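A short worksheet on the structure shown next.
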Amino acid sequence: ADDIGRVRGVFEHTVRTGLPYQTEFRICRPDGKVRWLYSVGKAWRDHTGQVKRLTSIIMDMTERRATEERLAQLIRQHEIALAAAELNPWSVDLRTEQHRTGPRDIQLYGEWIDSLHRFRARVLSEDWPQVDRLRDPAFLRSEQPLAIDFRIRLDDDSTRWISCVGRGVCDANGEPVELVGISRDV
């Protein structure tokens, strides 16, 4: 019942403008179960411009909606758990060197770590051998986690210890394509 007015408006708009439509709406089946439907369609006009018929395709998307809701719930749980543990997830596309920053980058590093250059500028040079282990091709191909600790220099010249766990992700040919991990202040 909640969707009737909105769906009626969608159909009326298509009849009035001739533009195709797409919409989602709920129906209540005779057994009382609610189903989500997706409909896409268009109006067909005759030579005078009058709408003579509407055609549409309707698909039951109840399971997809349930999956989307479950995924959103899992994402929320994941975000809450990461925040509670003060973990900062990150990743690096090894083909493009694109860094995907973590939500706690500013708290940990004082800036968004969106490139290897920014990261390298923060890590103390004497800790680079430890950090470079994360870039070792044999480690990346193993797809096994590696835990390291290193120090960074903050803008006020103080240092902070960071603990990091990362692992490589390989493509179907066994070639490393991504480095994914978490960091936290220790």
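Numbers for residues simply follow the sequence, beginning at 1. In this text, all values refer to a predicted model and were calculated from it rather than measured experimentally.
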Is there a side-chain contact (heavy atoms from CB on, under 4.5 Å) between E111 and D105? Walk through the geometry before answering. CA-CA 6 Å; E111 66 179 323; D105 273 10; over 6 Å; no
Run R104 and L82 through side-chain contact (heavy atoms from CB on, under 4.5 Å) and show every step you take. CA-CA 10 Å; R104 295 176 44 86; L82 287 172; over 6 Å; no
Evaluate the criterion side chain to side chain donor-acceptor pair (under 3.5 Å) for residue pair S163 and R184; output intermediate values, then yes/no. CA-CA 5 Å; S163 182; R184 68 185 200 94; 5.2 Å; no
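The shortest non-hydrogen separation linking W90 to V165 is CZ2-O, 4.3 Å. For the residue pair G166 and L179, the shortest heavy atom distance occurs at C-CD1, 4.4 Å. Smallest separation of non-hydrogen atoms from L54 and T14: CD2-CG2, 3.9 Å. The two residues F25 and S39 make their nearest non-hydrogen contact at CE2-CB, 3.8 Å. Here the shortest heavy-atom pairing between P103 and N88 reads N-OD1, 3.2 Å. Annotation for Y109 and S183: closest pair OH-OG, 3.6 Å, computed over non-hydrogen atoms.
The number of heavy atoms from other shown groups lying within 6.0 Å of CD1 (I57) does not exceed 12. The 12-atom threshold is not exceeded at CH2 of W44, counting heavy atoms of other residues, nucleotides or ligands nearer than 6.0 Å.
Under the 4.5 Å side-chain heavy-atom criterion for grouping Ile, Leu, Val, Met, Phe, Trp and Tyr, L146 is connected to V92 within one hydrophobic cluster. In the hydrophobic clustering of this structure, I162 does not group with L124; members are Ile, Leu, Val, Met, Phe, Trp, Tyr whose side-chain heavy atoms approach within less than 4.5 Å, directly or through other members. Following chains of ILVMFWY side-chain contacts shorter than 4.5 Å, one can reach L116 starting from V131, so the two form part of one hydrophobic cluster. Under a hydrophobic-cluster definition in which Ile, Leu, Val, Met, Phe, Trp and Tyr are linked whenever side-chain heavy atoms come within less than 4.5 Å, directly or via other members, V15 and V10 are assigned to the same cluster. Hydrophobic clustering, with ILVMFWY side chains joined whenever heavy atoms are under 4.5 angstrom apart, keeps Y21 apart from M59.
The distance from the CH2 atom of W128 to the CZ atom of R135 is 8.0 Å, given to the nearest 0.5 Å. Rounding to the nearest 0.5 Å gives a distance of 11.5 Å between CH2 of W161 and CD1 of I152. The line from CG of D185 to CZ of R160 is 4.5 Å long, rounded to the nearest 0.5 Å. We find the NE2-CZ distance between H117 and R122 to be 10.5 Å, quoted to the nearest 0.5 Å. Interatomic distance, D3 CG to E24 CD, rounded to the nearest 0.5 Å: 10.0 Å. C164 SG to L134 CG: the interatomic distance, rounded to the nearest 0.5 Å, is 5.0 Å.
Side-chain atoms of R120 do not come within 3.5 Å of backbone N or O of S125 as any donor-acceptor pair. A donor-acceptor pair under 3.5 Å is absent between the side-chain atoms of Q130 and the main chain of I148, judged by distance alone. In this structure a side-chain-to-backbone donor-acceptor pair under 3.5 Å is missing from D171 to V177. Using a distance-only test at 3.5 Å, with no hydrogens or angles considered, no donor-acceptor pair links the side chain of D93 to the main chain of Q98. Of the possible donor and acceptor atoms, one in the side chain of T62 sits under 3.5 Å from a partner among the backbone N and O of W36. Side-chain atoms of S158 do not come within 3.5 Å of backbone N or O of L154 as any donor-acceptor pair. The backbone N or O of G168 sits nowhere less than 3.5 Å from a side-chain atom of R141 that would complete a donor-acceptor pair. Between the R35 side chain and the D60 main chain, no donor and acceptor come within less than 3.5 Å of each other. Between the side chain of D127 and the backbone N or O of R151 there is at least one donor-acceptor pair closer than 3.5 Å.
Here D136 does not pair with R133 in a salt bridge; the nearest charged N to carboxylate O distance is not below 4.0 Å.
For the residue pair Q73/R76, the side-chain donor-acceptor check at 3.5 Å is not satisfied.
Side-chain contact check for L94 versus E175: every heavy-atom pair is 4.5 Å or farther apart.
The salt bridge (Lys or Arg N to Asp or Glu O under 4.0 Å) test with E178 singles out one residue from R100, R167, R95, and that residue is R100.
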